[in-house]
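Just so you know, residue 1 is the first one in the sequence shown, and it goes up from there.
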Amino acid sequence: MPKTIIAFDMYGTLLSTDSIAKQLDTHFGAQASSISTLWRRYQLEYTWRLNSMNKYENFYTVTRNSLQQALNEHGQQLPDKDIHAIMEAYNRLYTFPDVSSALNRIANDSTLHAVIFSNGTRDMISNSVMHSPDLSQHASVFQDLITVDDVRTYKPAPASYQHCARMVGKQPSQMNEIWLISCNAWDIVGARSAGLEAIWIDRTGTGWQDAAIPELRPTAIVHSLEQVVKEIKEHQGSISH
């Protein structure tokens, strides 16, 4: 039997981008959380803008530029050496509390083939997997690190998910044999539009609210990464019967 492909989004799904606020706090105190939130917003917005203009800058550049924009809007500045240090902290983000046990389960299940599928550059992804205090313990779980950098098109563009499929050996007619795991609603919608199955991690319990394309919904919604494998197996079992 072929293995089940599970493609994990990284930022916001495995790694908490909120934890970067601790690094910002050393410079900006009470403004750190607000800067961190705005930084993440522009980081995503800039990727969508670039896709719309058929242009590309790698995710490191996008991330640095969006940090600069967040600082500008808060009336703050930092010297280049401090900007560099904050960017380096992106390689050491902490995981969410449910990540470790979920990845341990996958490691012990020979029917699963896990990969990371990210907007990040290969350097950013590999550095995070090897140097994140939490994620590095599970580096061997991931059979490949797939980045949109290779196709120079960000998620949620169809070309990015098609690239993921090629990298795991799937044909266009086999897109539904890949499971995307993400906390980002826009990523879920992009994956479903491209034909993938997708599980949305609703850690806050707010429920699915994305209305960009109302008919495109997650294959399943769970509140913890620990529920992902069970959900996939139940879905596969219902189809086989």
Minimal non-hydrogen separation, [X] against [Y], with atom names:
| X | Y | answer |
| --- | --- | --- |
| Lys155 | Phe117 | NZ-O, 3.0 Å |
| Ala21 | Ser33 | CB-CA, 4.4 Å |
| Ala114 | Ile106 | CB-CG2, 4.0 Å |
| Cys164 | Ala7 | SG-CB, 4.2 Å |
| Ser182 | Asp187 | OG-OD2, 3.2 Å |
| Val148 | Thr153 | CB-O, 3.1 Å |

Look up atom [atom1] in [X] and atom [atom2] in [Y], then write down how far apart they are to the nearest 0.5 Å.
| X | Y | atom1 | atom2 | result |
| --- | --- | --- | --- | --- |
| Leu145 | Asn127 | CG | CG | 10.5 Å |
| Gln236 | Thr4 | CD | OG1 | 4.0 Å |
| Asn91 | Ser136 | CG | OG | 12.0 Å |
| Arg203 | Phe96 | CZ | CZ | 4.5 Å |
| Leu112 | Trp179 | CG | CH2 | 11.5 Å |
| Arg40 | Ser66 | CZ | OG | 9.5 Å |

Within-4.5 Å side-chain heavy-atom neighbours: [X] and [Y]:
| X | Y | value |
| --- | --- | --- |
| Ile125 | Phe59 | no |
| Met167 | Val115 | no |
| Tyr161 | Ile178 | no |
| Phe8 | Leu103 | yes |
| Arg192 | Ile213 | no |
| Leu93 | Tyr11 | yes |
| Trp39 | Leu24 | yes |
| Val168 | Asp144 | no |

Could you walk me through whether Met10 and Val129 pass side chain to side chain contact (heavy atoms under 4.5 Å, CB included), step by step? CA-CA 10 Å; Met10 177 172 277; Val129 170; 3.8 Å; yes
Apply side chain to side chain contact (heavy atoms under 4.5 Å, CB included) to Ile20 and Tyr90, showing your working. CA-CA 7 Å; Ile20 203 72; Tyr90 242 84; 4.1 Å; yes
Grouping I, L, V, M, F, W and Y whenever their side-chain heavy atoms are under 4.5 Å apart, do Leu50 and Met124 come out in a common cluster?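 Yes: a chain of side-chain contacts under 4.5 Å links Leu50 to Met124.
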If two hydrophobic side chains count as joined below 4.5 Å and joins carry through other members, does Val99 share a cluster with Met130?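 Same cluster: Val99 reaches Met130 through Ile, Leu, Val, Met, Phe, Trp or Tyr contacts under 4.5 Å.
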Would you kindly say whether [X] and [Y] are connected by a side-chain donor-acceptor distance under 3.5 Å?
| X | Y | value |
| --- | --- | --- |
| Thr219 | His235 | no |
| Thr61 | Asn58 | yes |
| Tyr42 | Asn65 | no |

Got a donor-acceptor contact below 3.5 angstrom from the [X] side chain to the [Y] backbone?
| X | Y | result |
| --- | --- | --- |
| Thr47 | Leu44 | yes |
| Asp210 | Ala212 | yes |
| Glu45 | Gln43 | no |
| Ser118 | Thr147 | no |

Check the surroundings of atom NZ in Lys22: do more than 12 heavy atoms from other residues, nucleotides or ligands lie under 6.0 Å from it? no
In terms of heavy-atom contacts, does OH of Tyr94 have more than 12 from other residues, nucleotides or ligands at under 6.0 Å?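 No, OH of Tyr94 has 12 or fewer neighbouring heavy atoms, counting only those of other groups under 6.0 Å.
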Among [options], which one satisfies side chain to side chain contact (heavy atoms under 4.5 Å, CB included) with [X]?
| X | options | value |
| --- | --- | --- |
| Gln227 | Ile221, Asp98, Val222 | Val222 |
| Leu225 | Thr95, Ile199, Leu14 | Leu14 |
| Arg92 | Ser128, Ser132, Pro133 | Pro133 |
| Asp149 | Tyr60, Tyr56, Tyr154 | Tyr56 |
| Tyr46 | Gln69, Arg41, Glu57 | Gln69 |

Could you go step by step and tell me if Asp202 and His223 meet the side chain to side chain contact (heavy atoms under 4.5 Å, CB included) rule? CA-CA 5 Å; Asp202 179 20; His223 299 298; 3.7 Å; yes
Going through the checks in order, is the side chain to side chain contact (heavy atoms under 4.5 Å, CB included) test met by Arg105 and Lys230? CA-CA 10 Å; Arg105 179 170 184 180; Lys230 178 175 179 289; 4.2 Å; yes
Lys233 and Asp109 ion-paired at < 4.0 Å: yes
